[in-house]
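Owing to the predicted nature of the structure, the values given are computational and were not obtained by experimental measurement. Atoms within a ligand are numbered from 1 in the order they appear, just like the ligands themselves. Just so you know, these numbers use all the heavy atoms, side chains as well, and skip hydrogens, waters and symmetry mates.
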Amino acid sequence: MVDRPVKEELLALTHQLGFDLCRIAVCAAPPHAAEFRAWLAAGRAGEMAWLERNEARRTDPQQVLPGAKSVIVLGMNYWNADGETRKEEGVHGRIARYAWGDDYHDIIEKKLKALDEWLTARGGRQRCYVDTGPVLERDVAAVAGAGWQGKSTMLIHPQLGTWFFLAEILTTLEFEADAPMADHCGKCTRCIAACPTGAITAPRQLDARRCVSYLTIENKGSIPEEFRAAIGDRIYGCDDCLTACPWNRFAHASRESAFAAREYVHGWSLRDFLGLDDDAFRQLFRKSPIKRIKRRGFLRNVCVALGNIGTREDLPALEKAAHDPEPLIAEHAQWAIERIEARVVAQAR
Ligand code: SF4
Ligand code: SF4
């Protein structure tokens, strides 16, 4: 077991590196491994095939790092206020708050590297992960007391609410484990009521295939028509179950300036986004998590939002998009045109 002063040193270093939370769990099978397997078996992960590929490793950390003794769970607040931005003319879409600034993977990975070196110097071997690793991270984070898993399935911390990124370090060093936190959801069901697509089918049960975050980010193909209207003006992810959570009333600005909203987040109209060619897309979303879904996925989402809130002024840009060489964009643009035209006709009656 590592001495208490070394743990204190670790906590101080994580804070210095910009993390807002550092908790430790014994490295053991996550308590909800069986539920995770049942969730996969029910097909609720949709197209997220990597979850199935990693199933055995996710539920047995010894397969990831033989001899691992502890999991260091780290949290980093990304919340930023909406801010005042001049808006371009036209209708605007919403981007999930975590994607307003630079890609958190890049920022957090650098910090994990520094921690890895520090732990190695003390005799440890490590595996470090931000969100994409074979770790059931919310489950492990709850065991470590980094928060409790709310009915929205998100981890909630009494001071940070739900607005924080998680990262994990599996290490062969044995640190004293922290205690889990009590569940403070109580009788609240606001997140379930707030979900626009009914994706939270019961407390702590998420059908990813219905979730707007999945539909607009993980889903690479056409967005099923049954969900398009409910997606509303959301063009990358969804924050509704987070915004609804009363524990987010204590949210405060992130210490990391790279997470602040870029100008386009509040400033650009949907029509501005629709005008992006491949080069302009890459340039605009350089170092942003949005680059992940490429122009085809992003403009697909923009077309859906325009179909929901666009006006006749958006029709020329959509007509152009309906002839885009990328069939995914063309199909969604055509859907949007038909929706707007139907609205215009209904308003004229
Ligand atoms: S992110 Fe949006 S769609 Fe997904 S569960 Fe939360 S409220 Fe529902
Ligand atoms: S909105 Fe209410 S039920 Fe949902 S996670 Fe927050 S406290 Fe829990």
Could you check [atom] against the protein and tell me its nearest heavy-atom contact, residue, atom and distance included?
{"atom": "atom 7 (S) of ligand 1", "value": "Cys241 N, 3.3 Å"}
{"atom": "atom 4 (Fe) of ligand 1", "value": "Cys211 SG, 2.4 Å"}
{"atom": "atom 6 (Fe) of ligand 2", "value": "Cys245 SG, 2.4 Å"}

Looking just at side-chain N and O atoms, do Asp239 and Tyr98 make a donor-acceptor pair shorter than 3.5 Å?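 Result is no, nothing qualifies.
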Arg97 and Asn80: side-chain donor and acceptor closer than 3.5 Å?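 Note: Arg97 and Asn80 side chains miss the donor-acceptor criterion.
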Aromatic ring proximity Trp79/His252, centre distance under 6.0 Å: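 Centroid distance Trp79-His252: not below 6.0 Å, so no.
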Aromatic ring proximity, centroids under 6.0 angstrom, Tyr104 and Tyr78: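 Tyr78 vs Tyr104: aromatic centres not under 6.0 Å.
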Sub-4.0 Å atoms of ligand 2 with respect to non-hydrogen atoms of [X]:
{"X": "Lys151", "answer": "3 (S), 5 (S), 8 (Fe)"}
{"X": "Trp247", "answer": "7 (S)"}
{"X": "Cys191", "answer": "1 (S), 3 (S), 4 (Fe), 5 (S)"}
{"X": "Ser152", "answer": "5 (S)"}

Under 3.5 Å: donor-acceptor pair, side chain of Asp3, backbone of Pro5: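 Not confirmed, Asp3 side chain does not pair with Pro5 backbone.
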For the backbone of Thr216 and the side chain of Arg300, can you confirm whether one donor and one acceptor N or O come within less than 3.5 Å of each other?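 Checking the backbone N and O of Thr216 against the side chain of Arg300, a donor-acceptor pair under 3.5 Å is found.
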Atoms of ligand 1, numbered as shown, that sit under 4.0 Å from any heavy atom of [X]:
{"X": "Cys195", "value": "3 (S), 5 (S), 7 (S), 8 (Fe)"}
{"X": "Val212", "value": "3 (S), 4 (Fe)"}
{"X": "Cys238", "value": "1 (S), 2 (Fe), 3 (S), 7 (S)"}
{"X": "Asp240", "value": "7 (S)"}

Between [X] and ligand 1, which residue portion shows a heavy-atom distance shorter than 4.0 Å: side chain, backbone, both, or neither?
{"X": "Thr197", "value": "side chain"}
{"X": "Leu206", "value": "side chain"}
{"X": "Leu242", "value": "neither"}

Basic-acidic side-chain contact under 4.0 Å: Lys111, Glu256: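 Result for this pair is yes, salt bridge flagged.
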I'd like the name of whichever of Ile156, Ile192, Thr243 reaches closest to atom 5 (S) of ligand 2 through any heavy atom.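 Ranked by closest heavy atom to atom 5 (S) of ligand 2, first place is Ile156.
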N/O/S atom of Cys188 under 2.8 Å from atom 2 (Fe) of ligand 2, yes or no?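 Given the 2.8 Å cut-off, Cys188 counts as a ligand of atom 2 (Fe) of ligand 2.
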Is Cys185 close enough that one of its N/O/S atoms sits under 2.8 Å from atom 6 (Fe) of ligand 2?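 Given the 2.8 Å cut-off, Cys185 does not count as a ligand of atom 6 (Fe) of ligand 2.
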Pro196 heavy atom under 4.0 Å from ligand 1: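 Contact present.
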Within a radius of less than 6.0 Å around [atom1] of [X], do more than 12 heavy atoms belonging to other residues, nucleotides or ligands occur?
{"X": "Arg122", "atom1": "CZ", "value": "yes"}
{"X": "Gln283", "atom1": "CD", "value": "no"}
{"X": "Arg190", "atom1": "CZ", "value": "no"}

According to the interplanar angle, ranging from 0 to 90°, do the rings of His266 and Trp100 count as parallel (below 30°), tilted (30 to 60°) or perpendicular (above 60°)?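 Plane angle over 60°, so perpendicular.
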